[in-house]
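Only this structure's heavy atoms are used, side chains among them; waters, hydrogens and symmetry mates stay out. Residues: numbered from 1 along the sequence shown.
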Amino acid sequence: KNPDGIKTRTFYKILTELVSTFEIHQQNGSRLGGVHFEMTGEDVTECTGGPQDLTDADLKFRYTSYCDPRLNYAQSMAIAFRLSELLSQSKAKVDKMPARSLS
């Protein structure tokens, strides 16, 4: 919650957690099996930061969630493009790894 008691998340923290997860999997020779984000195609103001640089002051304008704060359309697209980059990098590294014997 922010200082006003509104349940929110910061875009940059979500993005940092995503990147860290990929790094941890890479260090351990495993791969990420999936992700889940609360998101909407609407222009909500429930998560701060991101391409629109939303602040705590913006939350009052279009906060409509009854549960968890959702990424809005611009934040969702930015996460999707970054996730695509991470998956491409991860695949390139896996393709370079020597094949393992299944026996």
Side-chain angles (χ1 to χ4, degrees):
K1 294 187 177 184
N2 75 353
D4 295 326
I6 299 172
K7 187 176 182 181
T8 188
R9 299 239 14 232
T10 66
F11 172 86
Y12 301 108
K13 183 166 180 148
I14 294 168
L15 186 59
T16 299
E17 290 172 1
L18 179 64
V19 171
S20 294
T21 300
F22 270 88
E23 290 170 352
I24 290 167
H25 278 284
Q26 180 186 352
Q27 292 166 5
N28 290 284
S30 60
R31 66 183 185 133
L32 182 62
V35 295
H36 173 85
F37 300 101
E38 298 293 336
M39 59 177 64
T40 180
E42 299 171 15
D43 190 21
V44 297
T45 55
E46 299 172 5
C47 293
T48 57
Q52 297 161 312
D53 202 25
L54 298 175
T55 66
D56 282 345
D58 296 313
L59 296 176
K60 63 185 174 200
F61 296 116
R62 288 179 302 282
Y63 194 105
T64 60
S65 178
Y66 291 105
C67 189
D68 292 327
R70 301 166 294 170
L71 295 164
N72 66 27
Y73 72 94
Q75 294 164 331
S76 298
M77 291 302 295
I79 290 284
F81 282 117
R82 185 63 178 120
L83 180 58
S84 174
E85 291 170 355
L86 292 166
L87 287 168
S88 292
Q89 292 168 4
S90 177
K91 182 179 180 334
K93 289 175 183 169
V94 168
D95 288 345
K96 291 180 184 177
M97 295 174 73
R100 289 193 236 170
S101 172
L102 297 176
S103 56

Original post:
Distance from Leu32 atom CG to Leu18 atom CG, nearest 0.5 Å?
Top reply: 7.5 Å
Original post:
Rounded to the nearest 0.5 Å, how far apart are OG1 of Thr45 and CZ of Arg70?
Top reply: 10.0 Å
Subject >> salt bridge (Lys or Arg N to Asp or Glu O under 4.0 Å) against Glu23, all qualifying residues, sequence neighbours excluded >> reply: none
Original post:
Shortest non-hydrogen contact from Cys47 to Leu71?
Top reply: SG-N, 4.0 Å
Subject >> Arg62 side chain vs Asp43 backbone, donor-acceptor pair below 3.5 Å >> reply: yes
Subject >> Distance, nearest 0.5 Å, that separates CD of Gln26 from CG of Leu86 >> reply: 10.5 Å
Subject >> Donor-acceptor contact below 3.5 Å, side chain Asn2 vs main chain Asp4 >> reply: yes
Subject >> Euclidean distance, Gln27 CD relative to Ser20 OG, rounded to 0.5 Å >> reply: 9.5 Å
**OP:** Kindly give the heavy-atom pair with the smallest separation between Ser65 and Pro69, and that separation in Å.
**Re:** OG-N, 4.3 Å
Original post:
Should Met77 and Val19 be counted in the same cluster of Ile, Leu, Val, Met, Phe, Trp and Tyr side chains packed under 4.5 Å apart?
Top reply: no
**OP:** May I ask whether Tyr12 and Ile79 are part of the same hydrophobic cluster, defined by side-chain heavy atoms of I, L, V, M, F, W, Y residues being less than 4.5 angstrom apart, directly or through others?
**Re:** yes
Original post:
Is there a donor in the side chain of Gln52 and an acceptor in the side chain of Asp58, or the other way round, less than 3.5 Å apart?
Top reply: no
Original post:
Would you say the side-chain atoms of Asp53 pair up with the backbone N or O of Gly49, donor to acceptor, closer than 3.5 Å?
Top reply: no
**OP:** Apply the test side chain to side chain contact (heavy atoms under 4.5 Å, CB included) to residues Val44 and Phe61: give CA-CA distance (whole Å), side-chain angles for both, the deciding distance (0.1 Å), then the verdict.
**Re:** CA-CA 8 Å; Val44 297; Phe61 296 116; over 6 Å; no
Original post:
Any side chain to side chain donor-acceptor pair (under 3.5 Å) pairs touching residues 73-83, not counting sequence neighbours?
Top reply: Arg82-Glu85
Original post:
Between Glu46 (side chain) and Thr64 (backbone), is there a donor-acceptor pair under 3.5 Å?
Top reply: yes
**OP:** Search all heavy atoms of Ala78 against all heavy atoms of Phe11 and return the closest pair with its distance.
**Re:** CB-CZ, 3.7 Å
Original post:
Heavy atoms, side chains only, cut-off 4.5 Å: are Phe37 and Val35 in contact?
Top reply: yes
Original post:
Any donor-acceptor pair under 3.5 Å linking the side chain of Thr48 with the backbone of Asp56?
Top reply: no
**OP:** Could you tell me whether a side-chain N or O of Tyr63 sits under 3.5 Å from a main-chain N or O of Lys7, the two making a donor and an acceptor?
**Re:** yes
Original post:
Under a 4.5 Å cut-off applied to non-hydrogen side-chain atoms, are Leu54 and Asn72 in contact?
Top reply: yes
Original post:
Looking at CG of Asp68 and CE of Met39, how far apart are the two atoms once the value is rounded to the nearest 0.5 Å?
Top reply: 13.0 Å
